[in-house]
Amino acid sequence: MASDESEKYDESCIFCLIAKNQDEETEVIKQNEELVCFRDICPAAPHHYLVIPREHIHSCCSLSREHIHLVERMTSMGRAVLKEQGITNMEEVRLGFHQPPFISVGHLHLHVLAPVRQISTCFEYKFTPETDSFVTPRLDHLNQRLRRM
């Protein structure tokens, strides 16, 4: 395997396996050349999906300016999946990334949850926007953070 390819794929990463359609238990909801969307195995809301890049990126802390459009495409796919599932009120949607050490899988994944008012109370703390553990992909904040790098 070429070193370029090895940086983009981690054979020990479950999300890399899902991205390569090598996990038989995961039902992919939507995918394209760059992204894959599937249901979270421990849903915190009636609609709880994860959008991942096929490329192995460890976490939102690994993002750079070159990833801004990737994050935009991830949020677009998440919103598209919700619309396909009948969610039309985007005010009732929460999108975000967990930051280390609060990540369960070391592969960038965007949480897509709806409706917000139905997020399980036992999981609310994990999905509170703009906390140390959960950041929303607001481009103004992302741009600010990346400028400091």
Undergrad: What residues form a salt bridge (Lys or Arg N to Asp or Glu O under 4.0 Å) with E84, not counting sequence neighbours?
TA: K30
Undergrad: Report yes or no: do I14 and V28 belong to one cluster of Ile/Leu/Val/Met/Phe/Trp/Tyr joined by side chain heavy-atom distances under 4.5 Å?
TA: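 I14 and V28: one cluster.
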Undergrad: Could you tell me whether F134 and H98 have their ring centroids closer than 6.0 angstrom?
TA: yes
Undergrad: Name all pairs fulfilling the salt bridge (Lys or Arg N to Asp or Glu O under 4.0 Å) condition that reach into residues 88-116, sequence neighbours left out, sorted by first residue then second.
TA: E92-R117
Undergrad: Is the shortest side-chain heavy-atom distance between H107 and H56 below 4.5 Å?
TA: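 In contact.
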Undergrad: Drop me the distance from C60's SG to L110's CG, to the nearest 0.5 angstrom.
TA: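 Going from the SG atom of C60 to the CG atom of L110 covers 10.0 Å.
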Undergrad: Do V112 and M90 sit in one hydrophobic cluster, given that two such residues count as connected whenever their side-chain heavy atoms are within less than 4.5 Å of each other, even indirectly?
TA: yes
Undergrad: Treating Ile, Leu, Val, Met, Phe, Trp and Tyr as nodes and any side-chain heavy-atom pair under 4.5 angstrom as an edge, say whether I29 and I87 lie in one connected cluster.
TA: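 Looking at the clustering, I87 is in the same group as I29.
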Undergrad: Which ILVMFWY residues are connected to F102, directly or by a chain of links, through side-chain heavy atoms under 4.5 Å apart?
TA: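 Members alongside F102: none; it stands by itself.
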Undergrad: State whether the number of non-hydrogen atoms from other residues, nucleotides or ligands found under 6.0 Å of N89 atom CG is greater than 12.
TA: yes
Undergrad: If you look at every heavy atom in T136 and L95, which pair is closest and at what distance?
TA: CG2-O, 3.3 Å
Undergrad: State, yes or no, whether a side-chain contact exists between Q99 and C61 at a heavy-atom distance under 4.5 Å.
TA: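 Yes, close enough: below the 4.5 Å cut-off.
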Undergrad: If every non-hydrogen atom of I103 is compared with every non-hydrogen atom of G106, which pair is closest and at what distance?
TA: CD1-CA, 4.0 Å
Undergrad: Any chance you could measure I68, atom CD1, to L63, atom CG, to the nearest 0.5 Å?
TA: 9.5 Å
Undergrad: Show me the donor-acceptor pairs, under 3.5 Å and distance only, between side chains in residues 119-128 and residues at least two apart or in other chains.
TA:
unit_1 : atom_1 : unit_2 : atom_2 : d
S120   : OG     : C122   : N      : 3.4
T128   : OG1    : E124   : O      : 2.9

Undergrad: In Å and rounded to the nearest 0.5 Å, what is the CD1 to SG distance from I52 to C16?
TA: 7.5 Å
Undergrad: Please, which pairs that meet salt bridge (Lys or Arg N to Asp or Glu O under 4.0 Å) have at least one residue in residues 95-113, sequence neighbours excluded?
TA: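 Listed by first then second residue: nothing to list.
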Undergrad: Decide yes or no for F97 and P137: does some side-chain heavy atom of the first lie under 4.5 Å from some side-chain heavy atom of the second?
TA: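 The answer is yes, as the side chains (C-beta and beyond) meet within the 4.5 Å cut-off.
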Undergrad: Are L17 and V36 connected in a single hydrophobic cluster, I mean Ile/Leu/Val/Met/Phe/Trp/Tyr linked by side-chain heavy atoms less than 4.5 Å apart?
TA: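 Yes, it is one cluster - the side chains of V36 and L17 are joined through contacts under 4.5 Å.
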Undergrad: Return each pair, listed once, that meets salt bridge (Lys or Arg N to Asp or Glu O under 4.0 Å) where at least one residue sits in residues 98-107; pairs must be two or more places apart or across chains.
TA: none
Undergrad: Give, for atom SG of C13 and atom NZ of K20, the distance between the pair rounded to the nearest 0.5 Å.
TA: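 Answer for the SG-NZ pair, C13 versus K20, is 12.0 Å.
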Undergrad: Nearest 0.5 Å, please: how far is CZ in R54 from CD in E33?
TA: 8.5 Å
Undergrad: Can you run down the side-chain hydrogen bond (donor to acceptor under 3.5 Å, both in side chains) pairs that involve residues 35-52, sequence neighbours left out, and say none if there aren't any?
TA: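 Residue pairs with at least one partner in residues 35-52: R39-Y49, D40-H48, H47-Y49, H48-H111.
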Undergrad: Return the set of residues passing salt bridge (Lys or Arg N to Asp or Glu O under 4.0 Å) with R73 (not counting sequence neighbours), or none when no residue passes.
TA: E34
Undergrad: For residues 74-82, please give each side-chain donor-acceptor pair under 3.5 Å, one per line with the distance, not counting sequence neighbours.
TA:
unit_1 : atom_1 : unit_2 : atom_2 : d
T75    : OG1    : V71    : O      : 3.4
T75    : OG1    : E72    : O      : 2.8
S76    : OG     : E72    : O      : 3.1

Undergrad: Provide the full list of ring-ring contact (aromatic ring centres under 6.0 Å, His included) pairs with a residue in residues 17-41, sequence neighbours left out, each pair given once.
TA: F15-F38
Undergrad: Calculate, to the nearest 0.5 Å, the distance between atoms NE2 and CG belonging to H109 and L50 respectively.
TA: 5.5 Å
Undergrad: Before you tell me yes or no, could you show the steps for H58 and L108 under side chain to side chain contact (heavy atoms under 4.5 Å, CB included), namely the whole-Å CA-CA distance, both residues' side-chain angles and the distance that decides it to 0.1 Å?
TA: CA-CA 5 Å; H58 185 263; L108 183 68; over 6 Å; no
Undergrad: What heavy-atom pair brings T131 and V135 nearest, and what distance separates the two atoms?
TA: O-CG1, 4.0 Å
Undergrad: Please find the pair of heavy atoms, one from S59 and one from P100, that lie closest to each other, and give the distance.
TA: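 Taking S59 first and P100 second, the nearest heavy atoms are OG-CG, 3.5 Å.
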Undergrad: With sequence neighbours excluded, tell me which residues meet side chain to side chain donor-acceptor pair (under 3.5 Å) with T26.
TA: D23
